[in-house]
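So you know, we letter chains A, B, ... as the sequences are listed, proteins then strands, and number each from 1.
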Amino acid sequence: GEDVEQSLFLSVREGDSSVINCTYTDSSSTYLYWYKQEPGAGLQLLTYIFSNMDMKQDQRLTVLLNKKDKHLSLRIADTQTGDSAIYFCAETFHGSSNTGKLIFGQGTTLQVKP
Amino acid sequence: DTAVSQTPKYLVTQMGNDKSIKCEQNLGHDTMYWYKQDSKKFLKIMFSYNNKELIINETVPNRFSPKSPDKAHLNLHINSLELGDSAVYFCATAGGLEDTQYFGPGTRLTVL
């Protein structure tokens, strides 16, 4: 199946940590991704995690993967107003083709209050 | 140098017209995609090309015809535009072991 679910909205205060959650259905996904979209802009690849990893840290970003529960999360430490954006979780689905397509969640709008 | 570029950035047109959106990449990737983002920000794949060959066609109306003249370009031609075609269209490319997809800046199409 091809389904990725995210909560739609998260509001935090500047300096707090933000945690954005995602669940997916395709257990054969090799990689899972987080993209950021600022208003009126394109999709920026933030980070990705290989499916045999539990955790990946990249500066203020921490990705946690629970493969058993098919749950992915993105933690942003010390959230800044510049982090306000829509965050998309995505998995690669191959189906019958070797070419993968990205299945996106609905996007979580992160609002950072000063 | 922009890795994935799209033209135009904005496109406003009347219903029934035919229009094209162009995409170019300089990453040397073999695979290119078109995605559509609707007004609710939902992103869905439309097409995928690998080495100029159509690989994925996600039940998109045949008014939409992708064309890949070479590996670096994937254009999207849309015939008989309808109101429901209004959206942001993103081109993407993928390559490397991780098959990570990199997106262009998007083309906002408005059909009046």
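For B/Val60 against B/Met46, the heavy-atom pair with the smallest separation is CG2-O, 3.7 Å.
Proximity to chain B involves both the backbone and the side chain of A/Leu43, based on heavy atoms less than 4.5 angstrom apart. Heavy atoms closer than 4.5 Å to chain B are found nowhere in A/Phe50, neither backbone nor side chain. Interface residue A/Leu45: only side-chain heavy atoms are found under 4.5 Å from chain B. In this structure, chain A has no heavy atom under 4.5 Å from any part of B/Gln6.
For the residue pair A/Gln37/A/Gln44, the side-chain donor-acceptor check at 3.5 Å is not satisfied.
The main-chain N or O of B/Lys71 is found under 3.5 Å from a side-chain atom of B/Gln25 such that the two form a donor-acceptor pair.
With B/Tyr35 as the aromatic partner, B/Lys44 does not meet the cation-pi criteria of under 6.0 angstrom to the ring centre and within 45 degrees of the ring axis.
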